[in-house]
Structures are given as C-alpha cells and as structure tokens.
Amino acid sequence: TTKQLIMSEKLAAIGEITAGVAHEINNPIAVIQGNLDVVRSVLGAQADEAKVEFRLIDEQIHRISQIVTKLLQFAKPEEYAGYVERHAPAEVVSDCLPLVQHLLHKAEIKLIRTDSATRLVLMNRTELQQVAVNLIVNAIHAMPRGGTLSIGTQDQDFEGKPGVALDIADTGVGMTAELIGKIFDPFFTTKRQEGTGLGLSISQRLIARQGGGIVVESQPGRGTTFSIWLPEAS
Ligand code: ADP
C-alpha cells in the first residue's frame with residue numbers, strides 16, 4: 001500500500017542518516033575512553049578518590065556505545081546478518097533467561113514457562129536471543145510492581161504453513177490501541193532517557209527477514225502478550 005511504501009522510504013532515509021551519525025559518534029567515544037584510561041593511570045593511587053565518578057563515566061560511555069551499536073544495527077541490518085541455524089525457540093529462551101534473572105528477581109516477577117513446541121525454526125541464534133531479550137525486558141519494564149511473566153512455545157500453522165509460536169505475556173500496565181499503533185515505529189519510546197525506541201522495530205525486522213511476524217494483544221491495566229511466529233525449518 002502507499003502508506004507502507006512511504007513508511008519504507010522513510011525508514012531507508014532514517015537508516016542512511018542514522019548510520020552516518022552512529023559512525024561519527026564512535027570515533028570521539030573511542031578517544032574519550034582512551035584518554036580516560038590515560039588519566040586514570042597517570043593519577044595512579046589518587047584515582048581511587050574519584051572511584052565513583054570514574055565508574056559513572058565508564059558506565060555512561062558503555063551506554064553510549066550500546067546505543068550506537070543498536071543504531072547501526074537498525075540502520076544497516078544486512079551488515080549484521082549472521083549465520084542462520086536450526087533452533088528450538090524454547091532453548092534459545094532458556095539461554096537468555098540468565099541475562100534477565102536479576103531484573104525478574106528485583107521486580108518480584110514470577111516466571112511461568114510452558115513449552116510444547118517440537119518444531120525447529122531457522123534463524124541466527126544471537127538475533128533470536130536478542131529479540132527474546134528485547135521482549136522480556138519490555139515485559140519486565142511493564143511490571144514495576146511485580147507480576148507474572150509467561151513464556152510459552154507451541155507448534156502453530158499460519159496461512160497453511162507449519163511454524164512455531166513464541167508467546168511472551170506480562171500482567172503489566174498494558175497499552176491502548178493508539179499506543180499499539182506506534183510501538184513498532186523506530187525511535188518511539190515512552191521511557192524517556194531509559195529507552196531507545198529501537199527494540200521492537202529491530203525485533204520486527206529480524207523476524208520478518210526469516211519470513212515470520214510479530215503480533216501484539218494488550219489491555220490497559222491488565223497486561224500484554226507479544227507473539228512471534230516463525231516458519232518451521234524444512
Ligand atoms: P524501548 O523499550 O526502548 O522504549 P521498544 O521499541 O522496545 O523501545 O518499545 C517501544 C514502546 O512500546 C515502549 O516504550 C513501551 O511504551 C511500549 N511497550 C513495549 N513492550 C511493552 C509491554 N510489554 N507492555 C507495555 N508497553 C510496552
């Protein structure tokens with residue numbers, strides 16, 4: 001449709017600009033990091049007096065590099081495309097849970113898993129992990145006062161094609177239909193400083209590249225379910 005066409009042209013333009021800016025940011029960041037290390041070693045034992053400040057600077061530099069990496073990945077996904085392999089989605093989920101364990105614990109979130117999928121999907125493992133982590137972290141952010149995170153996989157056909165569905169459901173703040181209309185837009189975030197607004201748009205692209213899709217169902221105040229569908233690896 002025309003709307004989709006305009007959207008994809010916009011995305012291409014944003015992609016070009018973003019890739020340029022991200023590359024430009026990488027160099028000064030490397031210079032700052034390098035000089036910071038020099039300052040620290042010149043100060044020697046005295047550097048300990050500014051331990052907290054140094055750690056803050058390190059953390060923030062790390063955060064900038066992470067944002068830049070995300071931006072580059074968003075802008076030039078083809079340069080980041082890895083090898084695709086056959087995976088059981090449930091196993092990939094298990095691999096990324098240790099990364100979010102402390103967040104689940106801190107927010108007092110109960111995890112329920114129901115895995116019945118027997119089929120395998122074709123995707124780059126790191127990318128599938130990244131999508132799962134994005135959705136899980138979003139679910140955790142949606143439950144600041146605790147709740148239940150349900151992750152399930154099951155064999156599911158879509159338009160006559162065999163595949164696997166991976167559902168990630170939270171009992172969090174939920175979303176209005178209007179909000180849902182915006183969440184896959186690049187840079188759209190309701191998280192101010194904390195968010196980049198790139199998680200869902202990158203996830204959607206990575207999944208679409210493997211011939212799959214992401215759908216969302218939500219009720220304000222009740223919770224949200226993101227469902228990923230991927231075709232079965234033949
Ligand atoms: P970010 O997390 O950096 O904001 P995303 O693209 O991952 O970027 O998400 C965009 C927005 O979608 C979030 O800012 C939030 O408003 C909304 N969102 C995503 N997942 C959920 C969820 N599980 N529950 C409620 N809102 C969500």
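Indexing begins at 1, ligand by ligand and atom by atom, following the structure's order. Position 1 is the first residue of the sequence, and the numbers go up from there.
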- Query: Is the number of heavy atoms from other residues, nucleotides or ligands under 6.0 Å of Arg113 CZ greater than 12?
  - Reply: yes
- Item | Ion pair check, Arg55 and Glu59, cut-off under 4.0 Å | yes
- Please say whether more than 12 non-hydrogen atoms of neighbouring residues, nucleotides or ligands are located less than 6.0 Å from NZ in Lys110. no
- What residues, two or more places apart in sequence or in another chain, satisfy ring-ring contact (aromatic ring centres under 6.0 Å, His included) together with Phe54? none
- Item | Arg40 with Asp48: basic N within carboxylate O range, under 4.0 Å | no
- side chain to side chain donor-acceptor pair (under 3.5 Å), paired with Glu127, selected from Arg205, Arg209, Gln210: Arg209
Does ligand 1 have any N/O pairs with the protein under 3.5 Å, and how far apart?
unit_1, atom_1, unit_2, atom_2, d
ligand 1, 2 (O), Asn138, OD1, 3.0
ligand 1, 2 (O), Lys191, NZ, 2.7
ligand 1, 3 (O), Thr196, N, 2.9
ligand 1, 3 (O), Gly197, N, 2.9
ligand 1, 4 (O), Thr189, OG1, 2.5
ligand 1, 6 (O), Gly199, N, 3.4
ligand 1, 6 (O), Leu200, N, 2.9
ligand 1, 7 (O), Asn138, OD1, 3.4
ligand 1, 7 (O), Asn138, ND2, 2.9
ligand 1, 7 (O), Leu200, N, 3.4
ligand 1, 8 (O), Gly197, N, 3.4
ligand 1, 14 (O), Thr189, OG1, 3.4
ligand 1, 14 (O), Thr190, N, 2.9
ligand 1, 14 (O), Thr190, OG1, 3.2
ligand 1, 16 (O), Thr190, OG1, 2.5
ligand 1, 23 (N), Asp170, OD2, 2.8

